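Have a look at the structure below before the remarks.
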Amino acid sequence: MTTVRSNGQRKRVFIRTYGCQMNVYDSDRMADVLRPLGYALAPAPDQADLVVLNTCHIREHASEKVYSELGRMRDLKVERRAEGRDLTIAVAGCVAQAEGEEIAKRQPAVDIVVGPQAYHRLPQLLAEAERKTAILKAGKRLPGAGVLDTDFPAESKFDHLPAPQGVRAGSAFLSIQEGCDKFCTFCVVPYTRGAEYSRPAAKVLSEARQLVAAGAIEITLLGQNVNAYHGEAEDGSTWSLARLIHALAEIEGVARLRYTTSHPRDMDDDLIAAHGEVPQLVPYLHLPVQSGSDRILEAMNRRHGRDLFLDIVDRLRTARPDLALSSDFIVGFPGESDRDFDDTMGLVEQVGFASAFSFKYSRRPGTPGAAMDDQVPETVKSARLHALQALLGDQARAFNASKVGQTVPVLFAEPGRRPGQLIGKTPWLQSVYADGDPRLIGSIVEARLVEGHANSLAGEIVTGSYGVAA
Ligand code: 5AD
Ligand code: SF4
């Protein structure tokens, strides 16, 4: 495969990531796969030889965005060809998995469609696309090469992906579990990401050690159903997420551990206890509940009721009194009545969330919810979302305000917009703006929180506190 341009420069890849943190992790791994082929990262599509759109299929809006972006990439490709150069267009992620061949039909300029389980095969796919493009050029036909790989291979992609390379600003994602067997009736994930799979514990631990060696002090464990983790250990036993967290916390240099996304059904006793036992485990948990109505939870096939969720919250707060909660909500699921929605509002009031994501139900083709009667009108969904977001917004502001006056450890991640300003995260995942030396990026520093806003806090770095842990 050619890895240098005709002018002798290295080839460049631009990767655009949509959707969840799993995609952010996967995009990094795709960059890792492409690096040995000579691909450096490009800051924008117009400076790239290869563009990868790592897509999200969770809601209609997310997948439609991809097609408009593909239209822009096609225009860029046409411009390039007029100059006698190529642009390879690849679609990765969940839209690739779910819509496969349809993508190439809707946008013939696409060269490669690669599903989330096949990223380790990108080098072969690129070589094949290059070969096909050469044939098309010889025949003076120039659509995209149309190479497709959306199989769920028997081998695990994790065994074939290279070790993670760089760590950005002290914080790293580590994918430990993928796929989902829960089949919530609104959700495409079991179809796009496939059956639940847990990476073996030893592989996770060795990747964590590599990340720490590369500068990570915070590790976020990722999985679509991360707390369903059941990885094989070297002695043949099976480790739960709690067991894995205890082992990860033993690694010298790990100051913070997070995990996301969890399902209430898999919050077992050991995991709840770990929140009180493992100091590195941050006092913050994203635990999607989706609805506060038993009737709707049942229709969603969530396999738990409102009471189980409230009970978990109580037990978590007993184990770790300063634990803050975040969640996901869907309004307007088929059949949701005003009363059901009131139950959701009531649950939010009862729990009090530090932050949350809320969405209007989006009908996803192929999921049971899409075929249900009683779809809720858009206007009703909008009104409910508005009311819910107002309440959740108030709670987020109140939570941020409650931290004002406290001195907390902040992991600084990047420069702020103002010169001299840094942006970091508290253990509760709040963004903090503070003036500080850019050399503090990638370390945890004590900052006094002086002002709370809807989505962030202003802080002042406490001098002499550099290099504190946790
Ligand atoms: N419509 C709206 N929101 C959805 N989510 C998943 N599927 C849908 C859908 N069809 C939301 C859920 C999930 C989050 C990642 O996205 O709240 O937790
Ligand atoms: Fe989707 Fe439900 Fe699985 Fe979460 S648990 S990924 S919402 S099917």
Side-chain angles (χ1 to χ4, degrees), residues 17-25 55-65 93-95 97-99 116 175-198 222-230 241 259-267 285-293 296-304 308-309 312 325-336 340-341 344 347-348 353 355-372 374-378 380-382 384-385 388-389 392:
T17 309
Y18 300 83
C20 66
Q21 285 156 334
M22 195 71 118
N23 270 8
V24 176
Y25 176 86
T55 61
C56 172
H57 197 244
I58 199 97
R59 285 168 291 275
E60 191 181 349
H61 181 63
S63 28
E64 282 309 312
K65 269 203 281 200
C94 292
V95 177
Q97 189 63 43
E99 297 186 8
S175 179
I176 66 165
Q177 181 277 340
E178 200 167 343
C180 179
D181 292 340
K182 295 260 183 335
F183 289 92
C184 299
T185 52
F186 52 81
C187 186
V188 288
V189 166
Y191 312 98
T192 56
R193 291 277 174 164
E196 211 173 275
Y197 167 80
S198 296
L222 296 180
Q224 264 98 24
N225 233 280
V226 74
N227 59 339
Y229 179 84
H230 55 282
L241 180 60
Y259 62 92
T260 197
T261 288
S262 302
H263 192 289
R265 270 292 294 262
D266 297 313
M267 285 308 302
L285 180 64
H286 181 67
L287 190 62
V289 62
Q290 316 295 358
S291 168
S293 151
I296 295 299
L297 287 169
E298 166 102 50
M300 287 176 164
N301 192 32
R302 291 289 289 175
R303 304 155 191 243
H304 71 84
L308 180 83
F309 183 81
I312 292 167
L325 282 154
S326 152
S327 200
D328 289 343
F329 296 89
I330 296 176
V331 297
F333 186 77
E336 187 187 70
D340 295 317
F341 178 65
T344 299
L347 178 135
V348 171
F353 290 94
S355 66
F357 299 95
S358 46
F359 313 98
K360 288 193 254 186
Y361 170 67
S362 168
R363 222 167 158 174
R364 304 309 286 130
T367 59
M372 286 181 186
D374 272 348
Q375 297 287 329
V376 174
E378 262 323 288
V380 176
K381 285 186 199 171
S382 298
R384 288 182 187 161
L385 187 66
L388 177 60
Q389 290 187 338
L392 290 167

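Whatever order the structure lists them in is the order used to number ligands and atoms, beginning at 1. Quick caveat: nothing in here was measured; it's all calculated off a predicted structure.
- Evaluation of the ring pair (Phe, Tyr, Trp, His ring centres under 6.0 Å) rule for F333 yields Y361 as partners, not counting sequence neighbours.
- In terms of heavy-atom proximity, H57 sits nearest to T192 at ND1-CG2, 4.0 Å.
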Nitrogen or oxygen contacts under 3.5 Å, ligand 1 side and protein side:
residue  : atom   : partner : partner atom : Å
ligand 1 : 1 (N)  : S362    : N            : 2.9
ligand 1 : 3 (N)  : R59     : NH1          : 3.4
ligand 1 : 5 (N)  : R59     : NH1          : 3.4
ligand 1 : 10 (N) : F186    : O            : 2.9
ligand 1 : 10 (N) : S362    : O            : 2.8
ligand 1 : 16 (O) : R59     : NH1          : 2.8
ligand 1 : 17 (O) : Q290    : OE1          : 2.6
ligand 1 : 18 (O) : Q290    : NE2          : 2.9
ligand 1 : 18 (O) : D328    : OD2          : 2.6

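- Residue F186 approaches ligand 2 through these ligand atoms, each under 4.0 Å from one of its heavy atoms: 7 (S).
- A salt bridge does not link R384 to D340: none of the charged nitrogens lies less than 4.0 Å from a carboxylate oxygen.
- A cation-pi arrangement is absent between R364 and F186, since the terminal nitrogen or guanidinium carbon is not both under 6.0 Å from the aromatic centre and inside a 45° cone about the axis.
- With sequence neighbours left out, the ring pair (Phe, Tyr, Trp, His ring centres under 6.0 Å) criterion links F353 to F329.
- Summarising the geometry, atom OG1 belonging to T55 is positioned 9.5 Å from atom CD belonging to Q97; distances are rounded to the nearest 0.5 Å.
- Close to ligand 2: R302, with a non-hydrogen atom less than 4.0 angstrom away.
- Under the 3.5 Å distance criterion, with hydrogens and angles disregarded, a donor-acceptor pair is assigned to the side chains of K182 and N225.
- Remark: side-chain polar atoms of S327 are paired, donor with acceptor, to backbone N or O of V289 under 3.5 angstrom.
- Electrostatic pairing of R303 and E298 does not count as a salt bridge here, judged by no charged N lying under 4.0 Å from a carboxylate O.
- Protein N/O/S atoms closer than 2.8 Å to atom 3 (Fe) of ligand 2, listed by chain and residue number, are C180 SG.
- Between the side chain of N227 and the backbone N or O of H263 there is at least one donor-acceptor pair closer than 3.5 Å.
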